[in-house]
Student: 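Sharing a structure, written as structure tokens. Questions coming.
A, B, ... follow the sequence lines: proteins, then strands. Residue 1 opens every chain.
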Amino acid sequence: MKNRMNAILTATINDCFERGILSRTSIPPYVIEIPNNPAHGHFATNVSMVLASSQRRRPTDIAKTIIDNLKDDQHLLESADIAGPGFINFRIRATEWCGLLTEIGNLKAEYGRNDAGKGEKVLVEFVSANPTGPLHLGHGRGAALGDTLCRILAFCGYDVAREFYINDAGAQVRLLGESVYSRFRQIKNPHYPFPENGYHGDYILDLAIAISQKMDLNKLPEEEAIAFCAQKGKEMMLQEIKADLSRFRVVFDTWSSETDLHQSGLLHDTLEMIREDGYLYEKDGATWLRTSPFGDDKDRVIRKKDGEFTYFASDIAYHLQKCGKGFTRAVNIWGADHHGYVPRIKAALSAHGISPNWLSVLLIQLVKLWEGGQEIRMSKRAGSFVTLRELMDAVGEDAVRFVFLMKNHDSPLDFDMDLVKKRDSDNPVYYVQYAHARACSIFRKAEAEGILMAGAPVDLSGGLILEEELAMIRAMADFPSLLMEICATLEPHRLTYYLTDLAALFHRYFNLGTKVPEYRVVTADAALTQARLALVEGVRTVIANGLRLLGIDAPEKM
RNA sequence: GCGCCUGUAGCUCAGUUGGAUAGAGCAGCGGACUUCUAAUCCGCAGGCCAGAGGUUCGAAUCCUCUCAGGCGCGCCA
């Protein structure tokens, strides 16, 4: 609908240029928006205001010229008025709005799909938790954000690949092995020392017991036993992580491993390539990458004095490898505590001639957990944390996903366990799901009375006349452009607000019928009933499509 | 000290990328089920958009500074 408005406006302005009514200038960027005040019509544009300076005329004059010469061949418009300092407010004819219901009825689950992405290849990397412990709330937030973003990008015509990068090399996996081995020995000898920075969670003991059942650790020399614990522990944690993610309805196309980077020689080759470019140098016995000319604060160490590579080294190899796969864009979802890392990795990319814009990093702010009015501090090392699995057990996958997606990723999120555990109805997700279930119940009612929806285009002789009805259709018309905006801004949380608004319009409408029988959907008037059923079917479809993109069930009964 | 993020109703947060009179939910008060699902709806109350300047037809939104909070600044991972 917005596109059709835009077509009319540009045609009108160009026509005015042709006929010399407006002096020929470039058209500055202007906005067609949905006013928040219904009295301002269905759409409003500021085009005459942004034209004012180049036309050297008053905005209201230009607005009048545009209105008097509107090229509305298809009779889309009901009215166009000048308002305020020079806005033009438009109203669309009711029959045009109702045409949308026919469109949704035909497209069904496909309504909202578009080709804004034009098949562009995008790689989205998210979660990427270390396989040294279970997923916690921060990972859950990243999983919900990344997964929903991918679903929406794919729906908008992007060619999306989802990747999980496994940091499975280096010291922390060794530390996992030491922690597990120590717990194993402590079964017999409680005084056996525990590594200083070891992982304290209860799951370490679970791992120790499970691993010792597969292999008699007492028979191995200590070093081998620790290595075995590290390897097995890593594998088992990864299985747990995959299981949790799967239950959370998150799937990945590729699992990329840091160990593979080392073993395949890719890390070595990448560094040699950079060395040939002239960005590596030796200092104090270590190897450094010259990142400071590319916006980083200082140069960074790639290989330590002791010969070990830093994480930065494998991250560079990993990201350069991503570029080689033909993706025109990459999105990373990281915890906000890694934000200092962004300029560094972009500098490394720049040094290799890759634009920093190729990579977008979404930083997720902290998830704080509250219980009994107190904040629960989370720390994997100290072993005190709430896992994603525990949260799913407590409130269900739907509620967890919805709550995580209600907030912008760069604002911190408070998760109140008491509220969410005790009173299900306080969960905003039920508000949206209930709207869907209600719509379904209307169809059950209609069916029970022997009324079936006709497949024919919506007949308006009965008329969808109520403002409440038009408001819903207008909201539904905005669904595709909302999805496109989400792709442009990478802000999927806007979908939860959209769905809540649409559900509110529907609940309000539904309640009209409890007061006034004529406002019910199923009435004695057959034509009106058909039109309203098409409306309800439209709402049901859009909510179902939106919930599907959020990865949330759309129940038919509640 | 430097950098990134945040500051909007009592609380948790939106705010269509610069638009018209700043919006929800929860908490509070008062109403609506003999009816298509009350997990709902309606009404009341609640605001110096942290503060001060600036940019322009127009600022919660953009720029500068100040204040407050979170996070990060390793040859750690």
Side-chain angles (χ1 to χ4, degrees), chain A residues 31-37 39-40 44-46 49-50 52-53 58-59 83-87 89 130 132 167 169-173 175 197 283-288 297-298 300-306 308-312 335-343 363 365-366 368 370 406-416 419 423-431 433-435 437-446 448-449 478 481-482 485 488-489 491 493-494 496-498 500-501 503-504 506-515 517 519-523 532 536 557-558:
Chain A
V31 180
I32 298 173
E33 59 170 4
I34 299 169
N36 43 27
N37 183 344
H40 295 147
T45 181
N46 61 351
M49 282 139 90
V50 297
S53 66
R58 287 211 304 270
F87 290 103
N89 294 338
N130 291 349
T132 53
N167 280 124
Q172 83 253 326
V173 172
L175 191 59
N197 289 317
K283 194 181 105 187
D284 304 332
T287 308
W288 296 68
D297 296 339
K298 49 179 274 198
R300 303 292 170 176
V301 170
I302 289 283
R303 186 172 206 168
K304 296 184 275 181
K305 209 189 299 183
D306 64 8
E308 292 257 327
F309 289 104
T310 61
Y311 259 46
F312 186 42
D337 51 345
H338 291 85
H339 70 79
Y341 222 70
V342 176
L363 296 171
Q365 293 293 332
L366 216 62
K368 279 189 197 166
W370 295 78
M406 280 204 314
K407 269 137 213 182
N408 198 336
H409 60 81
D410 60 12
S411 106
L413 188 148
D414 286 334
F415 208 111
D416 187 335
L419 191 74
R423 297 187 49 192
D424 285 8
S425 58
D426 280 345
N427 256 307
V429 65
Y430 293 108
Y431 187 82
Q433 289 181 318
Y434 187 52
R438 257 189 164 170
C440 292
S441 85
I442 293 178
F443 281 98
R444 284 194 293 271
K445 166 77 176 173
E449 297 193 8
D478 203 36
S481 49
L482 172 85
E485 281 169 29
T489 57
E491 290 178 344
H493 74 283
R494 289 172 55 177
T496 59
Y497 282 88
Y498 171 84
T500 305
D501 287 345
F506 180 67
H507 285 312
R508 186 175 309 155
Y509 173 64
F510 183 91
N511 272 275
L512 291 179
T514 64
K515 279 265 180 68
Y519 291 164
R520 294 171 57 149
V521 173
V522 181
T523 65
R532 286 183 174 163
V536 174
K557 269 187 188 175
M558 284 176 76

Student: Between atom OH of A:Tyr497 and atom CG of A:Leu482, what is the distance when rounded to the nearest 0.5 Å?
Tutor: 13.5 Å
Student: So which protein nitrogen or oxygen atoms get under 3.5 Å of nucleotides 2-4 of chain B's nitrogens or oxygens?
Tutor:
unit_1, atom_1, unit_2, atom_2, d
B:rG3, N2, A:His339, NE2, 2.6

Student: Would you classify A:Lys304 as touching base, sugar-phosphate or nothing, given that sugar-phosphate means primed atoms plus P, OP1 and OP2, and contacts are heavy atoms under 4.0 Å?
Tutor: base
Student: So, taking the atom named NZ in A:Lys445 and the one named OG in A:Ser441, what distance separates them when rounded to the nearest 0.5 Å?
Tutor: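 Answer rounded to 0.5 Å: 10.0 Å.
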Student: Given atom NZ of A:Lys407 and atom P of B:rC11, what is their separation to the nearest angstrom?
Tutor: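 The distance from NZ of A:Lys407 to P of B:rC11 comes to 14 Å, rounded to the nearest Å.
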Student: Hey, does A:Phe87 reach any base, or is it just sugar-phosphate, or nothing, if we go heavy atoms under 4.0 Å?
Tutor: base
Student: Counting the atoms with a prime plus P, OP1 and OP2 as sugar-phosphate, which does A:Ala52 contact under 4.0 Å by heavy atoms, base, sugar-phosphate, or nothing?
Tutor: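 Contact class for A:Ala52: none.
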Student: A:Tyr497 has a side chain; which of B:rC75, B:rC36, B:rA14 sits nearest to it?
Tutor: B:rA14
Student: At under 4.0 Å between heavy atoms, what does A:Lys305 touch on the DNA or RNA strands: base, sugar-phosphate, or nothing?
Tutor: base
Student: Taking syn as any angle within 90 degrees of 0 and anti as the rest, which one fits B:rU37?
Tutor: anti
Student: Mind checking the CD-CZ spacing from A:Glu485 to A:Arg494? Nearest 0.5 Å is all I need.
Tutor: 4.5 Å
Student: Between B:rG10 and B:rU55, how far is it from one P atom to the other, in whole Å?
Tutor: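 To the nearest whole Å, 32 Å.
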Student: I'd like to check A:Phe506 versus A:Val536 (side-chain heavy atoms, cut-off strictly below 4.5 Å). Are they in contact?
Tutor: yes
Student: Given the structure, check if the side chain of A:Arg520 and the base of B:rU35 hold any donor-acceptor pair shorter than 3.5 Å.
Tutor: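 By the distance-only test, yes, there is a pair.
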Student: Output the rounded distance in Å from NZ (A:Lys445) to C1' (B:rC36).
Tutor: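 In whole Å, B:rC36 C1' and A:Lys445 NZ are 6 Å from each other.
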Student: B:rA39, OP1 or OP2 - any side-chain N/O from A:Tyr434 closer than 4.0 Å?
Tutor: yes
Student: Using only modelled atom types and a 3.5 angstrom limit, is any donor from either the side chain of A:Asn36 or the base of B:rU21 paired with an acceptor on the other?
Tutor: no
Student: When you measure only distances, ignoring hydrogens and angles, does the side chain of A:Asn89 come within 3.5 Å of the base of B:rA20 through a donor and an acceptor?
Tutor: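 Side chain to base: pair present.
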Student: List for me each residue that meets ring pair (Phe, Tyr, Trp, His ring centres under 6.0 Å) alongside A:Tyr434, sequence neighbours excluded, and say none if there are none.
Tutor: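 Per chain and number, A:Tyr434 pairs via ring pair (Phe, Tyr, Trp, His ring centres under 6.0 Å) with A:His507.
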Student: Is a donor on one side and an acceptor on the other found under 3.5 Å between the side chain of A:Asp284 and the backbone of A:Ala286?
Tutor: no
Student: Tell me: CG of A:Leu175 to C1' of B:rA77, nearest whole Å?
Tutor: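 Roughly 10 Å, once rounded to whole Å.
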Student: Does A:Gly513 reach a base, just sugar-phosphate, or nothing at all? Heavy atoms under 4.0 Å.
Tutor: base
Student: Between B:rA24 and B:rA14, how far apart are the two C1' atoms, rounded to whole Å?
Tutor: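 After rounding to an integer number of Å, I get 7 Å for this pair.
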Student: Is it true that a side-chain atom of A:Thr310 and a backbone atom of A:Ile302 form a donor plus acceptor pair closer than 3.5 Å?
Tutor: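 Side chain of A:Thr310 to backbone of A:Ile302, a donor-acceptor pair under 3.5 Å: yes, one is there.
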Student: Just call it for A:Ala171: base, sugar-phosphate, or nothing, with non-hydrogen atoms closer than 4.0 Å on any strand.
Tutor: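 It contacts sugar-phosphate atoms only.
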Student: Tell me: CD of A:Gln433 to P of B:rU40, nearest whole Å?
Tutor: 12 Å
Student: To the nearest 0.5 Å, tell me how far A:Arg444 CZ sits from A:Lys557 NZ.
Tutor: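 Spacing of CZ (A:Arg444) from NZ (A:Lys557) equals 5.0 Å.
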Student: Going by heavy atoms in the side chains, are A:Tyr519 and A:Tyr509 under 4.5 Å from each other?
Tutor: no
Student: A:Asp414 near the nucleic acid: base, sugar-phosphate alone, or nothing, with a heavy-atom cut-off under 4.0 Å?
Tutor: sugar-phosphate
Student: Which part of the nucleic acid, if any, lies within contact of A:Arg444, taking any heavy atom under 4.0 Å across all strands shown: a base, the sugar-phosphate backbone alone, or nothing?
Tutor: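 Base contact - A:Arg444 has a heavy atom under 4.0 Å of at least one base atom.
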Student: Quick test: give all pairs of protein nitrogen or oxygen and nucleotides 41-44 of chain B nitrogen or oxygen below 3.5 Å, distance rounded to 0.1 Å.
Tutor:
unit_1, atom_1, unit_2, atom_2, d
B:rC41, OP1, A:Tyr431, OH, 2.3
B:rC41, O4', A:Asn511, ND2, 3.0
B:rC42, OP1, A:Arg508, NE, 2.5

Student: Syn or anti for B:rC67, taking syn as within 90° of 0?
Tutor: anti
Student: Between atom CG in A:Asp501 and atom C1' in B:rG25, what is the gap in whole Å?
Tutor: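 In whole Å, B:rG25 C1' lies 11 Å from A:Asp501 CG.
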Student: Is any side-chain heavy atom of A:Thr500 closer than 4.5 Å to a side-chain heavy atom of A:Met406?
Tutor: no
Student: Roughly how far apart are A:Asp410 CG and A:His493 NE2, rounded to 0.5 Å?
Tutor: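 Going from CG on A:Asp410 over to NE2 on A:His493, the span is 8.5 Å.
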Student: For the side chain of A:Met558, counting heavy atoms from C-beta on, which of B:rA39, B:rA77, B:rC57 is nearest?
Tutor: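 Taking heavy atoms from C-beta onward, the closest nucleotide is B:rA39.
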Student: Starting at NE2 of A:His493 and ending at C1' of B:rG15, how long is that distance when rounded to a whole Å?
Tutor: 9 Å
Student: Could you tell me the separation between the NZ atom of A:Lys368 and the C1' atom of B:rC5, rounded to a whole number of Å?
Tutor: 13 Å
Student: Pick base, sugar-phosphate or nothing for A:Ala446, based on heavy-atom distances below 4.0 Å to the nucleic acid.
Tutor: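 No contact.
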Student: Suppose you measure atom C1' in B:rC29 against the same atom in B:rU21; what distance do you get, rounded to whole Å?
Tutor: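 To the nearest whole Å, 25 Å.
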Student: Nearest to the side chain of A:Ser441 - B:rU37, B:rU17, B:rA77?
Tutor: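 Closest nucleotide among those given: B:rU37.
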Student: With rounding to the closest Å, how many angstrom separate the P atoms on B:rU61 and B:rU16?
Tutor: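 It works out to 12 Å between them.
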Student: What's the CD-P distance between A:Glu33 and B:rU16, to the nearest Å?
Tutor: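 Value for this atom pair: 10 Å.
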Student: Starting at the 5' end of RNA chain B, what dot-bracket string do you get if Watson-Crick and G-U pairs under 3.5 Å are bracketed, crossing pairs use [ ], other-strand pairs use | and unpaired bases use dots?
Tutor: (((((((..((((.....[...)))).(((((.......))))).....(((((..]....))))))))))))....
Student: A:Arg438: what forms a salt bridge (charged side-chain N to carboxylate O under 4.0 Å, His left out) with it, not counting sequence neighbours?
Tutor: none
Student: Can you figure out which of B:rU37, B:rG72, B:rC75 approaches the side chain of A:Asp337 most closely?
Tutor: B:rG72
Student: List the residues meeting side-chain hydrogen bond (donor to acceptor under 3.5 Å, both in side chains) with A:Tyr311, not counting sequence neighbours, and say none if there are none.
Tutor: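 Checked A:Tyr311 against side-chain hydrogen bond (donor to acceptor under 3.5 Å, both in side chains); matches are A:Gln172.
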Student: Suppose you measure atom C1' in B:rA50 against the same atom in B:rC67; what distance do you get, rounded to whole Å?
Tutor: 8 Å
Student: Across the strands shown, which category fits A:Glu449 at heavy-atom distances under 4.0 angstrom: base, sugar-phosphate, nothing?
Tutor: nothing
Student: Looking across every strand, which nucleic acid part, if any, lies under 4.0 Å from A:Lys298 by heavy atom: base, sugar-phosphate, or nothing?
Tutor: sugar-phosphate
Student: Please classify the nucleic acid contact of A:Asp478 as base, sugar-phosphate, or nothing, using heavy-atom distances under 4.0 Å.
Tutor: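 Nothing, no heavy atom under 4.0 Å.
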Student: Does a side-chain N or O from A:Ser411 land closer than 4.0 Å to OP1 or OP2 of B:rA14, or not?
Tutor: yes
Student: For residues A:Pro85 and A:Phe87, determine if any side-chain heavy atom of one lies less than 4.5 Å from a side-chain heavy atom of the other.
Tutor: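 Yes; the side chains approach each other to less than 4.5 Å.
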Student: Could you state the interatomic distance from CG (A:Leu175) to CG (A:Asn197), rounded to the nearest 0.5 Å?
Tutor: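 CG of A:Asn197 is found 6.5 Å from CG of A:Leu175.
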Student: So A:Asp284, base contact, sugar-phosphate only, or nothing? Heavy-atom distance under 4.0 Å.
Tutor: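 Counting heavy atoms under 4.0 Å across all strands, the contact made by A:Asp284 includes a base.
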Student: Indicate, with a heavy-atom threshold strictly under 4.0 Å, whether A:Ala336 touches base, sugar-phosphate, or nothing.
Tutor: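 Contact class for A:Ala336: sugar-phosphate only.
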